[in-house]
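Below: the structure, in structure tokens.
Computed from a predicted model, the values in this text were never measured in an experiment.
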Amino acid sequence: MRLFVSEGAPGSLPVLAAAGRAQGRAELLISTVGPEECVVPFLTRPKVPVLQLDSGNYLFSTSAICRRQNL
């Protein structure tokens, strides 16, 4: 899984805290991106935080990302 976050983006702090708690349970790559960098190819506007699953699907909801990382 790959987690994209941006400094100052609302929701980045909770997902980073969940990622810290989940260390060792799942392989997670954390990438810090600029606020205007488009990380999801089919979106016209940037959206972070976003979790890219191994299947290629994306989660955009902060609470869904936190729940997924705590499995």
Side-chain angles (χ1 to χ4, degrees):
M1 292 186 293
R2 188 168 181 191
L3 176 64
F4 295 95
V5 294
S6 179
E7 285 186 27
S12 289
L13 186 59
V15 297
L16 287 172
R21 289 192 308 267
Q23 270 184 334
R25 285 186 264 169
E27 187 175 325
L28 180 67
L29 175 65
I30 300 173
S31 300
T32 303
V33 296
E36 295 302 316
E37 189 174 339
C38 189
V39 296
V40 181
F42 54 83
L43 292 181
T44 55
R45 291 188 348 222
K47 172 90 170 113
V48 287
V50 61
L51 180 66
Q52 182 181 18
L53 304 175
D54 294 332
S55 65
N57 293 327
Y58 295 90
L59 293 178
F60 300 99
S61 165
T62 300
S63 59
I65 293 170
C66 291
R67 282 194 307 269
R68 177 70 180 151
Q69 292 180 62
N70 287 324
L71 293 178

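Once rounded to the nearest 0.5 Å, the distance linking CG of L59 with CD of Q52 reads 10.5 Å. Within the model, atoms OG1 of T62 and CZ of R67 stand 10.5 Å from one another, a figure rounded to the nearest 0.5 Å. In this structure, I30 CD1 and L28 CG are separated by 5.0 Å, a value rounded to the nearest 0.5 Å.
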task = Take F60 and V40 through the side chain to side chain contact (heavy atoms under 4.5 Å, CB included) test and state the conclusion after the steps.
result = CA-CA 10 Å; F60 300 99; V40 181; 3.8 Å; yes
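D54 and M1 make their closest contact through OD1-N, 2.7 Å (heavy atoms, listed as atom of the first residue, atom of the second, distance). The two residues K47 and V39 have their closest heavy-atom pair at O-CG2, 4.3 Å. Taking both residues in full, the closest heavy atoms of R68 and L51 are given as CG-CD2, 3.7 Å, listed atom of the first, atom of the second, then distance.
Among residues two or more places apart in sequence or in another chain, the side-chain hydrogen bond (donor to acceptor under 3.5 Å, both in side chains) test is passed with N57 by S55.
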Under 3.5 Å donor-acceptor pairs involving side-chain atoms of residues 3-18, not counting sequence neighbours:
from	atom 1	to	atom 2	distance (Å)
S6	OG	V33	O	3.1
S12	OG	S6	O	3.1
S12	OG	A9	O	3.4

